[in-house]
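See below for the structure under consideration.
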Amino acid sequence: MAGTQETGHDGPVLSVDALRKTYPLPGGGRLTAADGIGFRVPRGGSLGIVGESGSGKTTVARMLVGLIRADSGTIAVAGHVRGSRPPRGRAARLARAREVQMVFQDPYLSLDPRLTGRQCLLTALRLHGAQAAAADERALRLLDQVGLGSREAEARPHALSGGQRQRLAIARALAVDPAVLVLDEAVAALDVSIQAQVLGLLEEIRRETGVALVFVSHDLAVVQYITDETLVMRQGRAVEQGPTPHVLADPQDPYTRALLAAVPREGWDPAEAVRTVRAR
């Protein structure tokens, strides 16, 4: 199995410092989507970014990948600072893509509906320079790695289940051996049993390859399972961050406590949850 690319760097594989992003408002002024966000993720580590809708967590995820340009701040992968502007030249663009890959909530955003699962992987592999024979062998290994067989390999996305499509999207992201895999609500649309399968798959992949995970989610149970560190965002700012067991078991910020109070569980009182949220 091909593993994650060697970085030759002893520090964190992903270093983020003072990220800031604002958007103009129709009536004047600016909306701050992210302000002063910073964190570190080691090789094989996993960070969860949580918060309610509009907290800025998806904006941070898209800045990591390069889909959104930060106003200020730095993002470094294996010590190499990623420029705020898209690189010029095909080789530079491909090299940048190999650093960080993203898996979206909706796999259709990254899967070509005209291609079979195998063709989807072959396209990504050949784009990044793999020769035909090597690409075919690697595609089969990737499909096996994410638990897809020969039937799924020859099926187009519409013929696959939601969980199978997400597995294929993960395989496609892993095809270029990224150092960092960003997952934006990647299991939110799946049934609970399928969520568990995909999360187990991701846990296994990071142990085997050393890829670092950044998991953006509103689901605290998912974050608790898959992440080592958690960053809690509210209105574009980090209100709390630290080891996941500490943040979720003993939250210090009222907003984090409100998020936890809103999670349904045995004996859960919706009215009490509403009162906690209003009092934050």
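Keep in mind that what you see is a predicted model, and the values were worked out from it rather than measured. We use all heavy atoms of the structure for the numbers below, so side chains are in, but hydrogens, waters and symmetry mates are not.
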Phe215 CZ to Leu199 CG distance, which is reported to the nearest 0.5 Å:
5.0 Å

Ile49: which of Val214, Val223, Val232 passes side-chain contact (heavy atoms from CB on, under 4.5 Å)
Val214

Mind checking side-chain contact (heavy atoms from CB on, under 4.5 Å) for Glu185 and listing every partner two or more places apart, or none if nothing turns up?
Lys57, Gln105, Ala188, Ser217, His218

Do the side chains of Pro251 and Leu260 get nearer than 4.5 Å, heavy atoms only?
yes

Distance from Asp228 atom CG to Leu47 atom CG, nearest 0.5 Å?
9.0 Å

I need the full list of side-chain hydrogen bond (donor to acceptor under 3.5 Å, both in side chains) pairs touching residues 243-253, with sequence neighbours left out, sorted by first then second residue.
Thr227-Thr244, Thr230-Thr244, Asp250-Gln252

Go through the steps to decide whether Met102 and Leu67 satisfy the test side chain to side chain contact (heavy atoms under 4.5 Å, CB included), and finish with yes or no.
CA-CA 10 Å; Met102 190 167 187; Leu67 295 176; 4.1 Å; yes

Would you find a donor on one side and an acceptor on the other, under 3.5 Å apart, between the side chain of Lys21 and the backbone of Arg69?
yes

Kindly work out whether a path of hydrophobic side-chain contacts (I/L/V/M/F/W/Y, heavy atoms less than 4.5 Å apart) joins Leu115 to Leu125.
no

Would you check if Leu143 and Leu168 make a side-chain contact, meaning some heavy-atom pair closer than 4.5 Å?
yes

Grouping ILVMFWY residues whenever side-chain heavy atoms fall under 4.5 Å, the cluster of Leu25 otherwise contains Leu31

Taking only residues two or more places apart in sequence, or in another chain, which ones meet Arg40 in a salt bridge (charged side-chain N to carboxylate O under 4.0 Å, His left out)?
Asp17

Taking side chain to side chain donor-acceptor pair (under 3.5 Å) as the definition, give me every residue that meets it alongside Glu203, ordered by chain and number, with sequence neighbours left out.
Arg206

Between Ile205 and Leu174, does the side chain to side chain contact (heavy atoms under 4.5 Å, CB included) criterion hold? Intermediate values first, please.
CA-CA 9 Å; Ile205 286 171; Leu174 292 173; 3.5 Å; yes

Verify side chain to side chain contact (heavy atoms under 4.5 Å, CB included) between Val41 and Val180, making sure each step is shown before the conclusion.
CA-CA 9 Å; Val41 186; Val180 180; over 6 Å; no

Passes side chain to side chain contact (heavy atoms under 4.5 Å, CB included), Val100 versus Val182? Steps please.
CA-CA 7 Å; Val100 183; Val182 178; 3.7 Å; yes

A side-chain contact here means heavy atoms from C-beta on lying under 4.5 Å apart; do Phe39 and Glu229 qualify?
no

Please determine whether a side-chain nitrogen of the Lys or Arg among Arg172 and Asp112 lies less than 4.0 Å from a carboxylate oxygen of the Asp or Glu.
no

What pairs with Pro157 under side-chain contact (heavy atoms from CB on, under 4.5 Å), at least two apart in sequence or on another chain?
Tyr108, Leu111, Arg165

Tell me, please, which residues at least two apart from Asp106 pass salt bridge (charged side-chain N to carboxylate O under 4.0 Å, His left out).
none

Could you pull out all residues at least two apart from Asp219 that satisfy salt bridge (charged side-chain N to carboxylate O under 4.0 Å, His left out)?
none

My understanding is that only one of Asp177, Val211, Ile170, Val176 makes a side-chain contact (heavy atoms from CB on, under 4.5 Å) with Gln101; could you say which?
Val176

Are Tyr255 and Glu240 close enough that some pair of their side-chain heavy atoms sits under 4.5 Å apart?
no

Those residues at least two apart in sequence (or on a different chain) that pass salt bridge (charged side-chain N to carboxylate O under 4.0 Å, His left out) with Glu137 are Arg141

We want to know whether Asp184 and Thr58 form a side-chain donor-acceptor pair, criterion being a heavy-atom distance below 3.5 angstrom.
yes

May I have the list of side-chain donor-acceptor pairs in residues 70-80 shorter than 3.5 Å, sequence neighbours left out?
residue	atom	partner	partner atom	Å
Asp71	OD2	Thr22	N	2.7
Asp71	OD2	Thr22	OG1	2.9
His80	ND1	Glu99	OE2	3.1

Transitively linked via ILVMFWY side-chain contacts under 4.5 Å: Leu248 with Val50?
yes

Roughly how far apart are Thr32 OG1 and Arg237 CZ, rounded to 0.5 Å?
6.0 Å

Sequence neighbours excluded and cut-off under 3.5 Å, please list the side-chain donor-acceptor pairs for residues 146-156, or say none.
residue	atom	partner	partner atom	Å
Glu152	OE1	Gly149	N	2.8
Glu152	OE2	Gln164	NE2	3.2
Arg156	NE	Arg114	O	3.0

Applying side-chain contact (heavy atoms from CB on, under 4.5 Å), name anything that partners Gln235, two or more places apart in sequence or on another chain.
none

Do any N or O atoms from the side chain of Gln166 and from the backbone of Ala186 form a donor-acceptor pair under 3.5 angstrom?
yes

Can Val81 be reached from Leu19 by stepping across I, L, V, M, F, W or Y side chains whose heavy atoms are under 4.5 Å apart?
no

If Ile, Leu, Val, Met, Phe, Trp and Tyr residues are connected whenever their side-chain heavy atoms lie under 4.5 Å apart, and connections chain through other members, are Leu140 and Leu122 in the same group?
no

